[in-house]
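Notes follow once the structure below has been shown.
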Amino acid sequence: MDWKETYQTWTAQTDLEAHLKAELTALAGKDEELEDAFYQPMSFGTAGMRGVMGPGINRMNIYTVRQATEGLATYMDTLGEDVKKRGVAISFDSRHHSTEFAHEAARVLGQHGIKTYIFEGLRPTPELSFTVRHLHTFAGIMITASHNPKQFNGYKIYGEDGAQMPPKDSDLITQYIRQVTDLFEIATADETNLMTTGLETVIGEDVDQAYLDNVATVTINHDLASEEGKDMTFVFTPLHGTGRMPGERALRNAGFQNFITVPSQAEPDGDFPTVDFPNPEFPEAFDEAIKLGKAHQADILIATDPDADRLGTAVRQPNGDYQLLTGNQIAALMLHYILAANQQAGTLPSNGVAVKSIVSTEFATKIAASYNIDTINVLTGFKFIAEQIQHFEDTGDHTFMFGFEESYGYLIKPFVRDKDAIQALTLLAEIAAYYRQQGQTLYDGLEALYAEYGYFREQTLQQTFEGITGPQKIEAIINKFRTQAPKHFAGIDVAATDDIASGIKTYADGHTEALALPKAEVLKYWLVDGTWIAVRPSGTEPKIKFYIGTNGATLSAANQKLQNFVDAINAFVAD
């Protein structure tokens, strides 16, 4: 069936949701937009699915949500009654239709006799991860598009360990999803009946308190947090998302009383009216916080994204302006503080380990090594960090100390198995209090780490290719890097190339060795001066990303090298 036939099937539906019917009417005659909405089903992978909301099989709507849930339910049907009784935990963020999508998922699962636990209102992604583990459910569903613009929504499935579903399970679920050919014939149960029969349970404060009790263990120096924290002024913004309630409660539990929540961004709002992109890695996300920070001379500004799994921060400078820190810089500060505080307390384990993605800074590796702590590199995706944590628990080989990705995601304690901005918020406030006690700022602390370990600088470039031809354009760029095999960047020779898709590292002299990583579409170049460059397509967005990590004897030297590599990559892609 081509896209036009699929489109006609949708227009023929007499009971189509009213807002979807209105949108279809508005799209009449706009063939390019219609083709994009109907030419293929939404892709579903280990990160679930994410896309623009609207009518069509390539859009987020109740019908594609039902289809994905039918795939999960059918998979659970094959695993027996015990799995179905354990059930599925469901949460959702502040985006448009998130509540509706969450309850549609519960209705599909209920039709299969699968128990569900659904939150009474919006909750962050890390709390959903915690809930799966806390309630011992078989799976979890999180309705969110994380930090994407307002027109997006998404659907993520979590496994029984609280991490996103691993590829093996995700592939099976995808097979069952693809078997659902008629989205309008998926049966759903009545929620009132589900609640009456006990197949659906509404959860809230009981789980909130259990989660926050665990978050309270994240602070290391409790006296410091309560003593210095009661006077330290800082600004917190949840960017119209889920972070306000757990974030404010976690801060107060830790002893921080003098923080200010940005009023214009405190309430959940799927329109994200004060920001174009509710992403704490973008400077403009801090515009409202900066105004408030300057008015109150706040030490730091902290922002969480809409589902509170990512965190960004800005630090006040001597001139009163605020300097944003990168995800890599925040991670370096966190890791150093964790290791130094544990060493001072005599609680630093001899088998401690930090885990990071392969596109995250080597700054952290150097810090960890100075404390005799190993660093393990994994593929991008926090599920791979969670996989390592489970391995450590099963074998006792290592003690998990910290995990992070450069994309502003951090995990301090593994009672959650995904990045957790509420944990990070609490610890970062403590670190700021520590430096304040020394008469310094977080930025002063970062400068001290640079002076000790060297000046590390990183940058991520990205190009977006939307629509039907997008995947082909991204593939062409990857193939150019692979087939033309750059021998140098900005005049610096390539020492070795990791082709993670083939699982082979190739050195400049031609000899090869196997890589100890699962296969993925990533190329990583190691340069003779210690710089690394990686190329990978995004797993959740129509983007290709280029990552650069370099270092220098001074900050200006590192910045100049970084710019040289940025120019070299742009030139290679454009050539």
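Every side chain to side chain contact (heavy atoms under 4.5 Å, CB included) that Gln484 has, sequence neighbours left out, goes to Lys480, Phe572. Evaluation of the ring pair (Phe, Tyr, Trp, His ring centres under 6.0 Å) rule for Phe456 yields Phe363 as partners, not counting sequence neighbours. Scored by the salt bridge (charged side-chain N to carboxylate O under 4.0 Å, His left out) test, Lys543 finds Glu541 as partners (sequence neighbours excluded). Listed by chain and residue number, Lys419 satisfy the salt bridge (charged side-chain N to carboxylate O under 4.0 Å, His left out) test with Asp309 (two or more places apart in sequence, or in another chain). Remark: Tyr435 pairs with no residue by the ring pair (Phe, Tyr, Trp, His ring centres under 6.0 Å) rule, at least two apart or across chains. Listed by chain and residue number, nothing satisfies the salt bridge (charged side-chain N to carboxylate O under 4.0 Å, His left out) test with Lys473 (two or more places apart in sequence, or in another chain). Applying the ring pair (Phe, Tyr, Trp, His ring centres under 6.0 Å) criterion to His96, with sequence neighbours excluded, gives no partner residue. Remark: Asp498 engages Lys505 in a salt bridge (charged side-chain N to carboxylate O under 4.0 Å, His left out) (not counting sequence neighbours).
Legend: ring-ring contact (aromatic ring centres under 6.0 Å, His included) pairs involving residues 497-523, not counting sequence neighbours, sorted by first then second residue: Tyr507-His511. Within the structure, ring-ring contact (aromatic ring centres under 6.0 Å, His included) contacts touching residues 401-420 (residues at least two apart or in different chains) are Phe402-Phe404. For the ring-ring contact (aromatic ring centres under 6.0 Å, His included) condition, the pairs that include at least one residue of residues 539-569, sequence neighbours left out, are Phe481-Phe546.
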Could you pull out all donor-acceptor pairs under 3.5 Å where a side-chain atom in residues 489-497 meets a protein atom, sequence neighbours excluded?
none

